[in-house]
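In what follows, chains carry the letters A, B, and so on, assigned in the order in which the sequence lines appear, proteins first and then strands, with residues in each chain numbered from 1.
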Amino acid sequence: MSGPADSIEIQNVVASTGIGQELDLEALADDLPGADFNPDNFPGLVYRTQDPKAAALIFRSGKIVCTGAKSIDDVHDALGIIFDKLRELKIPVDDEPEITVQNIVSSADLGHNLNLNALAIGLGLEDVEYEPEQFPGLVYRMDEPKVVILLFGSGKIVITGGKRTDDAETAVEEIVERIDALGLLG
Amino acid sequence: RLRKWQERIRTKDAGERNLQFALSEIDRMASALGVPRSVREVASVIYRRALNEDLIRGRSIEGVATSALYAACRQEGIPRSLDEVAEVSRVPQKEIGRTYRYISQELGLELKPVDPKQFVPRFASALDLSEEVQAKATEIIDVSAEQGLLSGKSPTGFAAAAIYAASLLCNEKKTQREVADVAQVTEVTIRNRYQEQIEAMGFR
DNA sequence: GCTTTAAAAAGTAACGT
DNA sequence: ACGTTACTTTTCAAAGC
């Protein structure tokens with residue numbers, strides 16, 4: 001059975017962690033090749049890993065935000081690289097810092113074009129934001145799982161706000177069911 | 001106790017002044033947009049409801065007033081684009097859109113998506129186009145919307161393309177630039193929507 | 001609320017050629 | 001009239017203004 005759920009692709013994973021140690025970002029900016037640090041602009045130092053491709057925001061408190069990774073494994077790999085780089089610089093890093101996934105962005109394809117006008121009314125104007133003058137996607141806030149889904153006329157969708165890998169799958173099954181019940185799924 | 005009394009009066013006066021300012025701003029912007037008095041009244045009601053439900057806290061009075069007017073135009077079936085509303089407001093378009101979404105949600109306005117057909121009479125008359133062109137543009141919008149071409153597209157661009165196509169079909173040709181100017185969209189957008197609509201109509 | 005980072009979706013806009 | 005780049009929307013953490 002190949003359905004919309006099989007078309008789900010994780011596009012971005014955001015996670016947070018901490019090394020349990022305060023950092024001197026000025027010194028770190030000098031010691032870490034490729035680091036971007038503009039304290040006037042933003043308090044975090046930006047460091048990008050190449051493989052896996054990800055970007056980390058490193059803060060004075062030792063807390064770190066990792067974003068841009070394509071999977072949870074990639075988040076762990078990217079942060080592992082960063083932890084090792086810090087240890088190389090003689091900065092004490094906790095043995096296994098706890099990594100918390102904060103947000104997962106996925107895309108999927110429902111396989112049919114969507115009439116967004118009919119969908120806005122069918123799904124309930126109170127739960128829908130559809131302002132094509134400002135953005136071509138219909139914004140649907142789902143309570144369970146608690147995610148936000150962007151639906152497009154092409155049938156392509158974006159699921160964001162989930163913290164678990166299977167939130168996207170559950171959400172896609174749910175939205176397909178709701179659209180189908182309205183008779184709006186081609 | 002006297003101080004408390006004075007503060008109440010001060011707060012009440014400040015509130016009155018703010019309300020008066022908001023209502024006069026709605027009036028000023030409505031005049032500039034050329035919307036009828038009934039729409040200004042609807043906008044005033046929306047503003048007062050937002051005020052009563054404490055939706056203005058953390059937002060600018062002008063932003064809420066502008067959004068109330070934008071919402072009122074839609075509710076009354078004579079929408080103005082965010083661009084048009086932003087032109088007569090001192091609030092940036094982005095804030096108007098954000099504030100509109102907020103008050104619309106909180107007040108449960110439940111306004112349907114803007115229908116491109118609602119822009120046809122105003123745009124067409126600004127271009128001195130006949131009743132016949134308007135009817136044709138309306139037909140083009142209906143036919144292409146039924147074929148699913150409207151999803152995700154800007155209502156103003158969709159209306160502009162239909163008017164351009166109708167002006168050609170009725171031998172009252174307007175250039176893409178002329179139509180683009182009144183609808184405040186680019187010629188590129190008109191061209192793109194026009195091509196799809198002509199195909200939907202079975203021409204080509 | 002803002003600042004920064006990443007990513008997808010599709011439409012619109014503004015460049016330069 | 002191309003092509004490219006960039007902006008719109010959503011989500012989330014971080015520290016500080």
Residue A:Lys70, side-chain heavy atoms: nucleotide from D:dA15, C:dA7, D:dT9 that is nearest: C:dA7
Would you say the side chain of A:Thr160 and the base of D:dT11 hold a donor-acceptor pair, judged only by whether the two atoms sit under 3.5 Å apart? yes
Side chains of A:Thr170 and A:Arg164: donor-acceptor distance under 3.5 Å anywhere? no
Starting at atom CZ of B:Phe158, determine the distance to atom C1' of C:dG11, rounded to an integer number of angstrom. 13 Å
Numerically ordered, the residues 72-92 of chain A set in heavy-atom contact under 4.0 Å with DNA chain D is none
Among the candidates D:dA1, C:dA8, C:dT4, find the nucleotide nearest to the side-chain atoms of B:Arg191. D:dA1
Is B:Arg74 salt-bridged to A:Glu131, cutoff N-O under 4.0 Å? yes
Could you state the CG-C1' distance from B:Leu82 to D:dT9, rounded to the nearest angstrom? 14 Å
Output the rounded distance in Å from CD1 (A:Ile157) to P (C:dA10). 11 Å
Between A:Val148 and A:Ile104, is there a shared hydrophobic cluster once you connect ILVMFWY residues whose side-chain heavy atoms come closer than 4.5 Å? no
Considering only heavy side-chain atoms of A:Arg48, the closest of C:dT5, C:dA10, D:dC12 is C:dT5
Distance, P atom - from C:dG1 to D:dT10, rounded to whole angstrom: 11 Å
When you get a sec, tell me which of C:dC2, D:dA15, D:dA13 is the closest nucleotide to the side chain of A:Arg60? D:dA15
Taking D:dA15, C:dT12, D:dT9 as options, the one with an atom nearest any side-chain atom of B:Arg193 is C:dT12
Criterion side chain to side chain contact (heavy atoms under 4.5 Å, CB included) against B:Leu149, the qualifying member of B:Glu199, B:Glu196, B:Arg193: B:Glu196
From the options C:dA13, D:dA14, C:dT5, select the nucleotide whose nearest atom is closest to the side chain of A:Ser61. D:dA14
Starting at the 5' end of DNA chain C, write a dot or bracket for each base, bracketing those in Watson-Crick or G-U wobble pairs whose two distances are under 3.5 Å and using | for partners on another strand. |||||.||.||||||||
Taking atom types as they are modelled, is there a donor-acceptor pair under 3.5 Å from the base of C:dA8 to the side chain of A:Ser107? no
Whole-Å distance between D:dT8 P and B:Lys94 NZ? 4 Å
Round to a whole Å and report the spacing from NZ of A:Lys156 to C1' of C:dA8. 10 Å
Less than 4.5 Å apart, side chain to side chain, heavy atoms only: is that true for B:Glu41 and B:Val45? no
Pick base, sugar-phosphate or nothing for A:Ser154, based on heavy-atom distances below 4.0 Å to the nucleic acid. sugar-phosphate
Provide, to the nearest angstrom, the distance between the CG atom belonging to A:Asn38 and the P atom belonging to D:dA15. 18 Å
Do B:Arg49 side-chain atoms and B:Leu107 backbone N/O form a donor-acceptor pair below 3.5 Å? yes
Thinking salt bridges, do A:Asp74 and A:Lys53 make one under a 4.0 Å N-O criterion? no
Quick one: on DNA chain D, does B:Gln176 or A:Lys146 contact a more 5' nucleotide (nearest heavy atom)? B:Gln176
Nucleotide nearest A:Val65 when distance is taken to its side chain, options D:dT9, C:dT12, D:dA14: D:dA14
Looking only at atom P, what distance separates C:dT3 and D:dC7, rounded to whole Å? 12 Å
So do A:Lys146 and A:Glu144 actually touch side chain to side chain, heavy atoms under 4.5 Å? no
Across the strands shown, which category fits A:Val13 at heavy-atom distances under 4.0 angstrom: base, sugar-phosphate, nothing? nothing
As a test of reading the structure: which of D:dA15, D:dT10, C:dA6 is closest to the side chain of A:Lys63, going by heavy atoms? D:dA15
Just to confirm, is there a sub-4.0 Å distance from OP1 or OP2 of C:dA7 to any side-chain nitrogen or oxygen of A:Lys53? yes
Quick one: is C:dG11 close enough that its OP1 or OP2 comes under 4.0 Å of any side-chain N or O from B:Ser154? no
Which is more 5' along DNA chain C, the nucleotide nearest A:Val46 or the one nearest B:Asp83? Just name the residue. A:Val46
Using modelled atom types and a 3.5 Å cut-off, is there a donor and acceptor pairing between side-chain atoms of A:Thr49 and backbone atoms of A:Ala54? yes
Does a side-chain N or O from B:Thr186 land closer than 4.0 Å to OP1 or OP2 of C:dA13, or not? yes
Give the rounded distance in Å between these two atoms: OH of B:Tyr100 and C1' of D:dT8. 17 Å
Is it true that the NZ or CZ of B:Arg59 lies under 6.0 Å from the centre of B:Tyr102's six-membered ring and within 45 degrees of the ring axis? yes
Quick one: label A:Val105 by what it contacts on the DNA or RNA (base, sugar-phosphate, nothing), any heavy atom closer than 4.0 Å. base
N or O in side chain of B:Arg98 less than 4.0 angstrom from C:dG1 OP1/OP2: no
When the C1' atoms of D:dC2 and C:dA9 are compared, how many Å lie between them, rounded to an integer? 24 Å
For A:Ile64 and D:dA15, give me the distance from atom CD1 to atom P, rounded to whole Å. 11 Å
Among the nucleotides C:dG11, C:dA8, D:dC12, which one has an atom lying closest to any side-chain atom of A:Pro136? C:dG11
Pick base, sugar-phosphate or nothing for B:Gly152, based on heavy-atom distances below 4.0 Å to the nucleic acid. sugar-phosphate
Show the numbers, then the answer: is there a salt bridge (charged side-chain N to carboxylate O under 4.0 Å, His left out) between A:Asp127 and A:Arg141? CA-CA 6 Å; A:Asp127 300 323; A:Arg141 293 186 156 77; over 6 Å; no
Out of C:dT5, D:dA13, D:dT10, whichever nucleotide has its closest atom nearest the side chain of A:Arg141: D:dT10
Same cluster (ILVMFWY, side-chain, under 4.5 Å), A:Leu182 and A:Ile121: no
So which one's nearest nucleotide on DNA chain C is more toward 5', A:Gln134 or A:Ala54? A:Ala54
